[in-house]
There are 2 protein chains.
Amino acid sequence: MWTMQVSARGDYAVRAAVSLASTHPTTVSAQSLADGEGLPHKFLEAVLADLRRGGVVTSVRGADGGYRLARDPGEISVGAVLRAVDGPLAGVRGQRPEEVTYDGASAHLPDLWIAVRAAVRNVLDEVTLAQVATGRLPARVRRLVGSEGAWEPR
Amino acid sequence: MWTMQVSARGDYAVRAAVSLASTHPTTVSAQSLADGEGLPHKFLEAVLADLRRGGVVTSVRGADGGYRLARDPGEISVGAVLRAVDGPLAGVRGQRPEEVTYDGASAHLPDLWIAVRAAVRNVLDEVTLAQVATGRLPARVRRLVGSEGAWEPR
DNA sequence: ACCAATCCTACAAAACAAGTAGGAATACTG
DNA sequence: CAGTATTCCTACTTGTTTTGTAGGATTGGT
């Protein structure tokens, strides 16, 4: 149904991370994070575990424990969050764009896939959690948001 | 495993379309298309049926029948091909980026999703089958391909 | 009539996504 | 030291999607 899609996992992870950014450096429990963003609690726990393993978040166990960002919200990109829970940003048929090879007429196709990945990276790796939390996105990204037809379905 | 991925369907569709672009306007059977690109024949038939319904390709039935591009290879974008087989280019949790809404800290997140989609569109909708077939990609896209770290995994 | 092709329907196996369930380990608080 | 709120770990479920395959009906040129 979709050519490229951000999964529920990815969406939840970013929302949780942005939420943590907005209260940084307070420690917040998975439960209140789930309540605040309207996410399924147990599923979010699994997502937060990935974020911890990926070094995005640190956790505190025991009563009054919870999660907080491992670094400053201005130092963590949305791309880093997504990679922590869903792996590499962009792929083709289960492979990295630079790994696919074709011969014949489609020999130049990898260039296109590389370009798509670069375009995605230029957005997701350049936007920080702090920027999303405050709504102050970089000029390059704002330009994309405001560009002709950006809000139109196709 | 992947944040955003081009499916096997999508990959096959683009390869078939580029292949047809390189021999345009000859009519080519699904069988020789499959042989030429190394694709599973019956699966490719289903993909070509989608391309036909999407107006990308026209078919000729009967012996010596086959498929050819419905328009000039320079008039068909890769984005059009992908949309024909896999639906909208970019989504979030099964919805279009402009349809997702959040409240609280993530209120500005839709802007980011819109920007990602716009970035993807700027590549896929601006590159034609003719350009992929000849390897002469637009300057904007070539710049992405050659940009710092574009070929590096992350 | 023959034959090579598209076209259509149905099925199947595997992988993946999204979540649930239950409880063990941990650490703060009275 | 008991209670309690939390993370953490393993396993399971359930439904959907993806990636095909199988078989044959239909078409149309020679």
Side-chain angles (χ1 to χ4, degrees), chain A residues 1-16 20 26-54 56-68 70 82 85-88 91-95, chain B residues 1-16 20 26-54 56-68 70 82 85-88 91-95:
Chain A
M1 182 62 185
W2 300 88
T3 298
M4 310 183 89
Q5 189 176 196
V6 175
S7 68
R9 277 182 87 73
D11 182 50
Y12 294 171
V14 174
R15 285 160 72 183
L20 286 175
T26 314
T27 296
V28 183
S29 75
Q31 185 67 69
S32 43
L33 222 36
D35 292 347
E37 290 281 336
L39 312 179
H41 165 233
K42 285 300 251 181
F43 191 32
L44 180 62
E45 263 191 17
V47 170
L48 286 166
D50 282 340
L51 290 180
R52 177 174 47 79
R53 285 181 217 109
V56 172
V57 132
T58 60
S59 63
V60 179
R61 303 187 68 165
D64 242 48
Y67 300 87
R68 97 178 66 121
L82 288 172
V85 297
D86 273 336
V92 178
R93 275 184 70 207
Q95 291 190 302
Chain B
M1 182 62 188
W2 300 87
T3 297
M4 310 184 88
Q5 190 176 196
V6 175
S7 67
R9 276 183 88 74
D11 182 51
Y12 294 172
V14 174
R15 284 159 72 182
L20 286 175
T26 313
T27 296
V28 183
S29 75
Q31 186 66 69
S32 44
L33 223 36
D35 292 348
E37 290 281 338
L39 312 179
H41 164 235
K42 286 299 253 181
F43 192 33
L44 179 62
E45 263 191 18
V47 169
L48 286 166
D50 282 339
L51 290 180
R52 176 175 48 78
R53 284 181 219 111
V56 172
V57 133
T58 60
S59 63
V60 180
R61 303 188 65 165
D64 242 47
Y67 301 87
R68 97 179 66 124
L82 288 173
V85 298
D86 273 336
V92 177
R93 275 185 69 206
Q95 290 189 304

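A quick note: this is a predicted structure, and the numbers were derived from the prediction, not measured. Proteins come first, then strands; the chains are lettered A, B, ... in the order of their sequence lines, and each starts at number 1.
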Reckon Ala30(B) touches a base, only the sugar-phosphate, or nothing at all at heavy-atom distances under 4.0 Å?
-> sugar-phosphate

Ala46(A) or Asp64(A), whichever maps to the more 5' nucleotide of DNA chain C | Ala46(A)

Heavy atoms, side chains only, cut-off 4.5 Å: are Val47(B) and Leu39(B) in contact?
-> no

When you measure from the side chain of Tyr67(B), which nucleotide among dT4(D), dT6(C), dC8(D) comes out closest?
-> dT6(C)

When you measure from the side chain of Arg9(B), which nucleotide among dA21(C), dT19(D), dC28(C) comes out closest?
-> dT19(D)

Leu51(A) CG - dC8(D) C1' separation (whole Å) | 15 Å

Ala30(B) and Leu44(B): which non-hydrogen atoms are nearest, and at how many Å?
-> O-CD2, 3.6 Å

Which part of the nucleic acid, if any, lies within contact of Gln31(A), taking any heavy atom under 4.0 Å across all strands shown: a base, the sugar-phosphate backbone alone, or nothing?
-> nothing

Write down the distance between CZ (Arg93(A)) and C1' (dA15(C)), rounded to a whole number of angstrom.
-> 15 Å

Find the distance Phe43(A):CZ to dT14(D):P and express it as a whole number of Å.
-> 17 Å

Kindly say if Ser59(A) contacts the phosphate of dT6(D), meaning a side-chain N or O under 4.0 Å from OP1 or OP2.
-> no

Just compare dA18(C), dC9(D), dT7(D) and give me whichever is closest to any side-chain atom of Ser29(A).
-> dT7(D)

For dG20(D), does OP1 or OP2 lie under 4.0 Å from any side-chain N or O of Tyr12(B)?
-> yes

Starting at the 5' end of DNA chain C and moving along, which residue's nearest nucleotide shows up first, Val60(A) or Pro40(A)?
-> Pro40(A)

Under 4.0 angstrom between Arg52(B) side-chain N/O and dC7(C) OP1 or OP2 = yes

Using the side-chain contact (heavy atoms from CB on, under 4.5 Å) rule, take Glu37(B) and Tyr12(B) through it: C-alpha gap first, then chi angles, then the decisive distance, then the call.
-> CA-CA 9 Å; Glu37(B) 290 281 338; Tyr12(B) 294 172; over 6 Å; no

Gap between atoms NE2 and P, on His41(B) and dA22(D) respectively (whole Å) | 13 Å

Atom CE of Met1(A) to atom C1' of dT18(D): distance rounded to whole Å?
-> 15 Å

Separation of Glu45(A) atom CD from dG22(C) atom P, in whole Å?
-> 14 Å

Closest to the 5' end of DNA chain D, once Gly65(A) and Ala63(B) are matched to their nearest nucleotides, is Gly65(A)

With Ser7(A) as reference, evaluate Leu82(A), Val85(A), Asp86(A) under the side chain to side chain contact (heavy atoms under 4.5 Å, CB included) test and give the passing residue.
-> Asp86(A)

Check: dT27(D) base within 3.5 Å donor-acceptor of Arg61(B) side chain = no

Please give, in whole Å, the distance from dA13(C) C1' to Lys42(B) NZ?
-> 18 Å

Remember a base hit wins even if backbone is also touched, and classify Ala8(A) as base, sugar-phosphate or nothing at under 4.0 Å, heavy atoms.
-> sugar-phosphate

Can you tell me the distance, in whole Å, between the CH2 atom of Trp2(A) and the P atom of dT18(D)?
-> 12 Å

Candidate list Val60(B), Val57(B), Thr26(B), test side chain to side chain contact (heavy atoms under 4.5 Å, CB included), partner Arg68(B), passing option | Val60(B)

Whether over 12 other heavy atoms sit under 6.0 Å from Asp35(B) CG = yes

